[in-house]
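Nothing here was measured: the structure is a model prediction, and the numbers come from that model. The analysis underlying the following values was restricted to heavy atoms, covering all of them including side chains, and did not include hydrogens, waters or symmetry mates.
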Amino acid sequence: MLLLCIDDDPEDVDFFCEAMKVVDPSCTCLVARNGRDGMQLLEKILPDFIFLDVNMPVMGGKETLAAIKNNSRLRAVPVCILSTSTNKSEMRTYQEMGAYKCFVKPNTFEDLCRMLKDFFLLAMP
């Protein structure tokens, strides 16, 4: 499985990629530090899932999600929003824009692993 994590926080990215090694050691986790870099990477790859942070410099999560969903080649790739925000209205907006799932970033490594395991149990056939 190939994942793209688009997030500007190096600690959150390391946390996510380490958790994915626990959840699925065969998974490859690519990283982009903002939406613009993510879109450039998506010109070359087609991941199974995209995990997208909301608040980033250069090109934020909302702009990136819109660009992904407006691209016919990328439209079907499930995009999961990862945010520190608990604003339900904001999360609903992302789902209306085409986000597959919205998550509040967990505070502990164990909670992140549990969240990802539960997600992939439901998301994968």
Side-chain angles (χ1 to χ4, degrees):
M1 179 167 46
L2 179 62
L3 304 181
L4 175 58
C5 178
I6 304 174
D7 194 325
D8 65 315
D9 186 319
E11 289 178 12
D12 285 351
V13 169
D14 290 346
F15 204 52
F16 179 84
C17 292
E18 287 301 314
M20 279 309 305
K21 287 180 188 174
V22 171
V23 171
D24 182 355
S26 69
C27 179
T28 300
C29 188
L30 301 177
V31 176
R33 298 296 179 182
N34 59 61
R36 185 187 63 205
D37 292 350
M39 292 306 296
Q40 289 174 345
L41 190 54
L42 286 165
E43 291 174 7
K44 302 172 189 132
I45 64 159
L46 192 61
D48 296 296
F49 291 91
I50 298 168
F51 287 83
L52 178 61
D53 184 29
V54 173
N55 296 314
M56 295 180 290
V58 183
M59 184 177 183
K62 189 179 260 186
E63 293 171 275
T64 306
L65 178 60
I68 290 167
K69 294 305 172 182
N70 286 325
N71 182 307
S72 60
R73 188 177 76 79
L74 302 173
R75 190 173 296 134
V77 177
V79 178
C80 300
I81 300 296
L82 280 171
S83 176
T84 55
S85 173
T86 58
N87 183 323
K88 292 182 191 288
S89 173
E90 184 180 351
M91 295 302 179
R92 194 169 22 260
T93 298
Y94 288 113
Q95 288 182 309
E96 289 168 358
M97 291 176 65
Y100 183 74
K101 186 87 171 144
C102 294
F103 296 104
V104 175
K105 288 181 178 180
N107 292 322
T108 68
F109 184 75
E110 293 76 20
D111 287 345
L112 178 59
C113 289
R114 189 174 312 110
M115 180 197 84
L116 290 169
K117 280 181 189 174
D118 291 347
F119 170 72
F120 284 112
L121 279 175
L122 294 173
M124 301 301 284

Are there more than 12 heavy atoms of other residues, nucleotides or ligands under 6.0 Å from atom CD of Glu11?
no
Enumerate the side chain to side chain donor-acceptor pair (under 3.5 Å) contacts for residues 13-27, please, sequence neighbours excluded, ordered by first and then second residue.
Glu18-Lys21, Asp24-Ser26
Pairs where residues 60-71 contributes a residue and the test side chain to side chain donor-acceptor pair (under 3.5 Å) is met, not counting sequence neighbours
none
Min side-chain heavy-atom separation [X]-[Y] under 4.5 Å:
| X | Y | value |
| --- | --- | --- |
| Ile50 | Leu3 | no |
| Leu112 | Thr108 | no |
| Met91 | Thr86 | no |

Report the C-alpha distance between Tyr100 and Ile81 in whole Å, list the side-chain angles of each, state the deciding distance to 0.1 Å, and finish with yes or no for side-chain contact (heavy atoms from CB on, under 4.5 Å).
CA-CA 8 Å; Tyr100 183 74; Ile81 300 296; over 6 Å; no
Would Val13 end up clustered with Leu82 when hydrophobic side chains under 4.5 Å apart are linked, directly or stepwise?
no
Could you tell me which non-hydrogen atom of [X] sits nearest to which non-hydrogen atom of [Y], and how far apart they are?
| X | Y | result |
| --- | --- | --- |
| Val77 | Pro47 | CG1-O, 3.5 Å |
| Leu52 | Gly61 | CD2-O, 3.5 Å |
| Lys101 | Gln95 | CA-NE2, 4.4 Å |
| Val23 | Phe120 | CG1-CD1, 4.3 Å |

Interatomic spacing from CD1 in Ile6 to CG in Leu41 - rounded to 0.5 Å
8.0 Å
Straight-line distance of Cys80 SG to Leu65 CG, nearest 0.5 Å:
10.5 Å
Tell me, which pairs form a ring pair (Phe, Tyr, Trp, His ring centres under 6.0 Å) where one or both residues lie in residues 66-93, sequence neighbours left out?
none
Of all pairs that satisfy ring pair (Phe, Tyr, Trp, His ring centres under 6.0 Å), the ones with a partner from residues 14-35, not counting sequence neighbours
Phe15-Phe109, Phe16-Phe51
Determine all donor-acceptor pairs shorter than 3.5 Å in which one atom belongs to a side chain in residues 28-38; sequence neighbours excluded.
| from | atom 1 | to | atom 2 | distance (Å) |
| --- | --- | --- | --- | --- |
| Asn34 | OD1 | Arg36 | N | 3.0 |
| Asn34 | OD1 | Asp37 | N | 2.8 |
| Asn34 | ND2 | Asp37 | OD2 | 3.4 |

Do any pairs count as a salt bridge (charged side-chain N to carboxylate O under 4.0 Å, His left out) and have a residue in residues 40-59, sequence neighbours left out, and if so which ones?
Asp53-Lys105
Of all pairs that satisfy salt bridge (charged side-chain N to carboxylate O under 4.0 Å, His left out), the ones with a partner from residues 84-100, not counting sequence neighbours:
none
Apart from Val104 itself, members of its ILVMFWY cluster (side-chain separation under 4.5 Å) are none
Which residues pass the salt bridge (Lys or Arg N to Asp or Glu O under 4.0 Å) test with Arg114, sequence neighbours left out?
Asp111
